[in-house]
K.L.:
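Dumping the structure here so I can ask a few things about it.
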Amino acid sequence: MKFIVSSSYLLKKLQVIGGVINSTNTMTILDNFLFELSENQLIVSASDLETTIKGVIEVESDSQGSIAVPSKLLIDTLKTFPEQPLTFIVKENNTIEISSNNGKYSLAYLDGADFPKAIEIPDANKVTILGDILATTIQKTIFATGNDDLRPVMSGVFFDFSPKGLIFAATDAHKLVEYRRSDVQAQQESQFIMPKKPLNLLKGILAGSESEVQIEYNENNAKFIFDGLEFICRLIDGKYPNYDAVIPKENPNKLIINRAQFLGSARRVSIFSSKTTHQIRLKVAGTSLQISAEDVDYSNKAIETLTCNYEGDDMEIGFNSKFLIEMLNNLSSDEVMLEMSLSNRPGLLTPVDGLDQGEKVVMLVMPIMLNS
């Protein structure tokens, strides 16, 4: 078994595929890449058992075979090479020899037959979506997922596909995001919950991508296919909570404000908030929004006043500054609208501008009781 490949091309591909490998694994074989060689084509796989990534790498070869190669040792070695062709030769003494312009390097390999087989998805439903749209979808929702092991369904992003469009939602019971695309449709209705790890990997790879991503899915697994890569992952089992029931439908008090100003002010004022509640207080009247915070234990206090457009009754409401800042940070519009009804009801944050045709995002933040 022998092949020749560009060092930088191989490194770039392996760094993407190797993103799924855990730093500590219960099975030694999972510390390795699976190399499956056929004529002029090397299929490389990496897995953490829940998610498997496969990629096709073009090589010069007339042989075939299958071995498992130590991922960290190989990537660390490739990082040190300037661009050059490398020759890989599999020896009979269970080592693979790499020849560069200046030297030879040997590393032990394992039997490729021991590597876990990738899951097949029979009777899969299919949706095609632009890579950058999928990356935006993940970025807008994933921050709102939970980390509670007792409620695993809330640790992922809920995908709701139908002929009317695609809906993605995430919540940790304190904040909630619903992201809609009516410009992309599925042929039939289906719902599933995607785990965080593969979504974070996809977000990093697909940001700005003009490639089309084909999503194949059934009740248990999903596969994302693009640019010679396949992401195959096990879905989170369970029923997602009826999040739509907590989104208030009547919100007569509407505040429109510059997002960057609001974010900057919230960040500054939150430094002076209580370290246990992180509470900031919004007091709105006329065209004035007053943002304040106080930590009575340490006599710390901050107050800022911003100009806004406001329709509704004068009101005061408290939010956890961490959640509010996170939401403002994950919007990209120039202006945002904060819709409210009562001081003990959730606030709805939406972008006023900067959305694509068919794109809609709603962020809900739960209020916290105001200190008297």
K.L.:
What distance do Ile43 atom CD1 and Ser38 atom OG have between them, rounded to the nearest 0.5 Å?
P.N.:
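The CD1 atom of Ile43 sits 5.5 Å away from the OG atom of Ser38.
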K.L.:
State the CG-CD distance between Asp244 and Glu178, to the nearest 0.5 angstrom.
P.N.:
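So the gap between those two atoms works out to 6.0 Å.
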K.L.:
If you define the side chain from C-beta out and look only at heavy atoms, does anything of Ser71 sit under 4.5 Å from Leu14?
P.N.:
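When only atoms from C-beta onward are counted, Leu14 and Ser71 do not touch, as no gap falls below 4.5 Å.
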K.L.:
Tell me, do Cys233 and Glu50 make a side-chain contact under 4.5 Å, heavy atoms counted?
P.N.:
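Not touching, per the 4.5 Å side-chain cut-off.
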K.L.:
Do you know which of Val284, Asn309, Leu289, Leu263 makes side-chain contact (heavy atoms from CB on, under 4.5 Å) with Ile257?
P.N.:
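Answer after filtering Val284, Asn309, Leu289, Leu263: Leu289.
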K.L.:
For residues Met1 and Ile67, determine if any side-chain heavy atom of one lies less than 4.5 Å from a side-chain heavy atom of the other.
P.N.:
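With C-beta onward as the side chain, the pair touches.
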K.L.:
Could Lys275 and Asp297 be called an ion pair, given the rule that one side-chain N must be under 4.0 Å from one carboxylate O?
P.N.:
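No, this pair does not count.
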K.L.:
To the nearest 0.5 Å, what is the distance between CE (Met194) and CD1 (Ile236)?
P.N.:
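Met194 atom CE to Ile236 atom CD1 measures 8.5 Å (nearest 0.5 Å).
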K.L.:
Other members of the hydrophobic cluster containing Tyr298, with the 4.5 Å side-chain heavy-atom rule, please.
P.N.:
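Listed partners: none, Tyr298 stands alone.
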K.L.:
Would you call Glu311 and Lys254 a salt bridge, taking side-chain N to carboxylate O under 4.0 Å as the test?
P.N.:
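No, this pair does not count.
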K.L.:
Determine whether Met154 and Thr171 make a side-chain contact, defined as any pair of heavy atoms from C-beta on separated by less than 4.5 Å.
P.N.:
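SC-SC contact between Met154 and Thr171 confirmed.
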K.L.:
Using only heavy-atom distances, determine whether the side chains of Glu212 and Thr128 contain a donor-acceptor pair under 3.5 Å.
P.N.:
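Note: Glu212 and Thr128 side chains miss the donor-acceptor criterion.
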K.L.:
Between the main-chain N or O of Phe262 and the side-chain N or O of Ser265, is there a donor-acceptor pair closer than 3.5 Å?
P.N.:
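It does not hold such a pair.
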K.L.:
Nearest 0.5 Å please: distance from the CG atom of Leu201 over to the CD1 atom of Ile53.
P.N.:
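With rounding to 0.5 Å, CG (Leu201) is 5.0 Å from CD1 (Ile53).
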K.L.:
Students often mix this up, so state it plainly: with edges at 30° and 60°, are the rings of Phe161 and Phe192 parallel, tilted or perpendicular?
P.N.:
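Perpendicular, since the angle between the ring planes exceeds 60°.
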K.L.:
Classify the ring geometry of Phe158 against Tyr240: parallel below 30°, tilted from 30° to 60°, perpendicular beyond 60°.
P.N.:
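Geometry flag for Tyr240 against Phe158: parallel rings.
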K.L.:
Check for me whether the distance between the ring centres of Phe88 and Tyr109 falls short of 6.0 Å.
P.N.:
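Not close enough - the centres of the two rings lie 6.0 Å or further apart.
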K.L.:
Name all residues meeting the side chain to side chain donor-acceptor pair (under 3.5 Å) criterion together with Asn253; count only those two or more places apart in sequence or in a different chain, and write none if there are none.
P.N.:
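Counting only residues at least two positions away or on another chain, Asn253 forms no side chain to side chain donor-acceptor pair (under 3.5 Å).
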K.L.:
I'd like to know if the side chain of Asn40 reaches the main chain of Ser61, judged simply by a donor and an acceptor atom lying under 3.5 Å from each other, with no hydrogens or angles considered.
P.N.:
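Such a contact is found between Asn40 side chain and Ser61 backbone.
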K.L.:
What side chain to side chain donor-acceptor pair (under 3.5 Å) pairs are there with at least one residue in residues 16-29, not counting sequence neighbours?
P.N.:
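Pairs touching residues 16-29 that pass the test: Asn22-Lys197, Asn25-Asp31.
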K.L.:
Does Phe35 reach the side chain of Leu42, with side-chain heavy atoms less than 4.5 Å apart?
P.N.:
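Sidechains of Leu42 and Phe35: in contact.
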K.L.:
Okay, side chain of Asn320, backbone of Lys322: is any donor-acceptor separation there less than 3.5 Å?
P.N.:
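Yes; judged by distance alone, with no hydrogens or angles, the pair exists.
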K.L.:
Will you find, in the side chains of Asn125 and Gln188, an N or O donor that is under 3.5 Å from an N or O acceptor?
P.N.:
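Note: Asn125 and Gln188 side chains meet the donor-acceptor criterion.
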K.L.:
Are the side chains of Glu316 and Leu370 in touch, meaning some heavy atoms are under 4.5 Å apart?
P.N.:
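Yes, side chains in contact.
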K.L.:
Side chains of Tyr105 and Thr77: do they bring a donor and an acceptor to under 3.5 Å?
P.N.:
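Short answer, no.
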K.L.:
Counting distance only, does the side-chain N/O of Ser7 pair as donor-acceptor with the main-chain N or O of Gln84 below 3.5 Å?
P.N.:
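Here the side-chain-to-backbone pair exists.
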K.L.:
Would a distance-only check, ignoring hydrogens and angles, find a side-chain to backbone donor-acceptor pair under 3.5 Å from Thr95 to Lys91?
P.N.:
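No: the side chain of Thr95 does not pair with the backbone of Lys91.
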K.L.:
Using atom types as modelled and distance alone, determine if a side-chain donor or acceptor of Glu339 lies under 3.5 Å from a backbone N or O of Leu348.
P.N.:
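Checked: no pair found.
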K.L.:
Only one of Asn329, Asn330, Leu328, Leu324 forms a side-chain contact (heavy atoms from CB on, under 4.5 Å) with Glu326, so which one is it?
P.N.:
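Between Glu326 and the candidates, side-chain contact (heavy atoms from CB on, under 4.5 Å) is satisfied uniquely by Asn330.
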K.L.:
Quick one: does any side-chain atom of Asp172 pair with a main-chain N or O of Lys175 as donor and acceptor, under 3.5 Å?
P.N.:
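Flag set: sc Asp172 to bb Lys175 pair under 3.5 Å.
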K.L.:
Verify, without hydrogens or angle tests, whether Thr141 (side chain) and Thr137 (backbone) share a donor-acceptor contact under 3.5 angstrom.
P.N.:
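Judged by distance alone, yes, a pair lies under 3.5 Å.
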K.L.:
Nearest 0.5 Å please: distance from the CZ atom of Arg281 over to the CD1 atom of Ile317.
P.N.:
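So the CZ of Arg281 and the CD1 of Ile317 are separated by 11.5 Å.
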K.L.:
Taking Glu359 first and then Arg181, would you say they form a salt bridge - that is, a charged N and a carboxylate O separated by under 4.0 Å?
P.N.:
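Counted as a salt bridge, because a side-chain N and a carboxylate O are separated by less than 4.0 Å.
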